[in-house]
Amino acid sequence: MAISLGGTLTPPVGKRDHVQGPADAPVTLVEYGDFECSYCAAAYLIVKKVQEAMGDRLCFVFRHFPLTQIHPHAEAAAEASEAAGAQGQFWQMHDLLYKNQQALDPMHLLGYAEELGLDTKRFVPELEEHVYHARVREDFMSGVRSGVNGTPAFFINAIRYDGSWDLVPLLQALEEASRQETPA
């Protein structure tokens, strides 16, 4: 398994994070992602398969790492996911953004909010006023402190994973971490 000793997740997973799966799962996979990154869109599909394969043995956490220098819509998309999260639909927006990665301009973000049945009278001003900018920035800075320099970046049980994020190698690394966490 290709886990680097150079990177440790900072801060550890906590209440502020977006989590899928049981918090007490034997394996936690954290992804730092960018909604406009094509590699992240490919990883999104792989993570879905990993979640399906591992079930309750996996806790998945998503943190924002918008690469604004090369992805002009990444920051707004991250803020849109947070605005949706404030209405209880972070993961639904997360999925829509990756499925519609080529259409992340404000008009499309509003369309996704409408599709999810969000309160758009709340959603639109929150985006215009950048209400969730600080939240997205916190994730980004935690990635910097954790040694992230590109997306997607993964951590398995708080240790940077530098191996392939293709399905088989990633699943093998997670399974190995699961066995290490299981009491003998």
Side-chain angles (χ1 to χ4, degrees), residues 1-67 71 74 77-78 80-82 84-85 88-102 104 112 116 136 139-140 142-184:
M1 171 167 59
I3 290 189
S4 158
L5 298 177
T8 302
L9 188 67
T10 304
V13 173
K15 292 181 184 205
R16 67 176 296 284
D17 284 303
H18 297 290
V19 176
Q20 285 183 321
D24 62 349
V27 181
T28 299
L29 176 65
V30 175
E31 176 187 357
Y32 281 91
D34 172 325
F35 289 115
E36 202 170 358
C37 168
S38 60
Y39 297 109
C40 291
Y44 161 76
L45 298 172
I46 291 164
V47 168
K48 287 289 185 195
K49 291 177 183 174
V50 164
Q51 288 177 296
E52 187 177 309
M54 293 199 68
D56 288 347
R57 296 178 302 131
L58 180 71
C59 175
F60 176 63
V61 176
F62 183 85
R63 290 184 178 173
H64 302 286
F65 203 80
L67 300 171
H71 299 137
S81 71
E82 289 299 325
Q89 296 203 51
F90 173 82
W91 290 108
Q92 293 87 337
M93 182 64 85
H94 169 276
D95 293 356
L96 269 178
L97 293 172
Y98 276 128
K99 289 174 185 173
N100 298 285
Q101 188 177 61
Q102 301 307 314
L104 299 177
Y112 305 144
L116 293 175
V136 171
D139 275 5
F140 184 86
S142 77
V144 170
R145 287 189 300 276
S146 300
V148 173
N149 56 11
T151 57
F154 291 102
F155 290 78
I156 297 175
N157 291 344
I159 305 297
R160 173 77 182 256
Y161 171 73
D162 288 325
S164 168
W165 42 265
D166 286 330
L167 179 60
V168 172
L170 180 58
L171 194 52
Q172 287 173 340
L174 292 165
E175 291 288 359
E176 184 176 320
S178 175
R179 287 189 297 276
Q180 291 173 354
E181 294 297 311
T182 304

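All residue numbers refer to positions in the sequence shown, counting from 1. Computation of the quantities below employed the complete heavy-atom set of this structure, encompassing side-chain atoms and omitting hydrogens, waters and symmetry-equivalent molecules.
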Verdict with reasoning, Trp165 to Tyr39, per side chain to side chain contact (heavy atoms under 4.5 Å, CB included): CA-CA 10 Å; Trp165 42 265; Tyr39 297 109; 4.0 Å; yes
Does Leu45 form a side chain to side chain contact (heavy atoms under 4.5 Å, CB included) with Val47? I'd like the steps, not just the answer. CA-CA 6 Å; Leu45 298 172; Val47 168; over 6 Å; no
Side chain to side chain contact (heavy atoms under 4.5 Å, CB included) between Glu82 and His64, worked out: CA-CA 10 Å; Glu82 289 299 325; His64 302 286; 2.7 Å; yes
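Expressed to the nearest 0.5 Å, how far CG of Asn157 lies from CG of Leu9 amounts to 10.5 Å. Atom CG of residue Asp162 and atom CZ of residue Phe155 lie 8.5 Å apart, to the nearest 0.5 angstrom. One finds the CG atom of Leu174 at 5.5 Å from the CG atom of Leu29 (value rounded to the nearest 0.5 Å). Put simply, CD on Gln20 and CH2 on Trp91 are 4.0 Å apart, with the number rounded to the nearest 0.5 Å. For the atom pair CD1 (Ile46) and CG (Leu171), the distance works out to 11.0 Å, reported to the nearest 0.5 Å. Atom OG1 in Thr28 sits 13.0 Å away from atom CZ in Arg57 (nearest 0.5 Å).
Shown are Val144, Asp34, Val136; of these, the side-chain contact (heavy atoms from CB on, under 4.5 Å) with Phe65 is made only by Val144.
Asp166 places no side-chain N or O within 3.5 Å of a backbone atom of Val168 that could act as its donor or acceptor partner. Of the possible polar contacts, none joining the Arg63 side chain to the Phe140 backbone as a donor-acceptor pair under 3.5 Å is found. Judged by distance alone, the side chain of Glu31 and the main-chain N or O of Val61 form no donor-acceptor pair under 3.5 Å. Although no hydrogens or angles enter the test, the distance criterion places a donor-acceptor pair under 3.5 Å between the side chain of Ser146 and the main chain of Thr10.
The two residues Cys40 and Gly33 have their closest heavy-atom pair at SG-CA, 3.9 Å. Among all heavy-atom pairs drawn from Pro11 and Arg145, the shortest one is CD-NH2, 4.2 Å. Counting all heavy atoms, side chain and backbone alike, Pro152 lies closest to Ala43 at CG-CB, 3.8 Å. Closest non-hydrogen pair, Cys37 versus Gln101, comes out as O-NE2, 2.6 Å. Here the shortest heavy-atom pairing between Arg160 and Gly147 reads NH1-O, 2.9 Å. In this structure, Met54 and Ser178 approach most closely via the heavy-atom pair CE-CB, 4.4 Å.
Between Tyr112 and Asn100 there is a side-chain heavy-atom pair separated by less than 4.5 Å. For the pair Val30 and Phe154, the minimum side-chain heavy-atom distance is 4.5 Å or more.
Taking the centre of each ring, His18 and Phe62 stay at or above the 6.0 Å mark. Two rings, from Tyr98 and Tyr44, have their centers less than 6.0 Å apart. For Phe35 and His71, the ring centers are positioned 6.0 Å apart or more.
Under the rule for a salt bridge (charged side-chain N to carboxylate O under 4.0 Å, His left out), the partners of Asp139 that lie at least two apart in sequence or sit in another chain are Arg16, Arg135.
The number of heavy atoms from other shown groups lying within 6.0 Å of NZ (Lys49) does not exceed 12.
A salt bridge is defined here as a Lys NZ or Arg NE, NH1 or NH2 lying under 4.0 Å from an Asp or Glu carboxylate O, and Lys15 with Asp17 fails to meet this definition.
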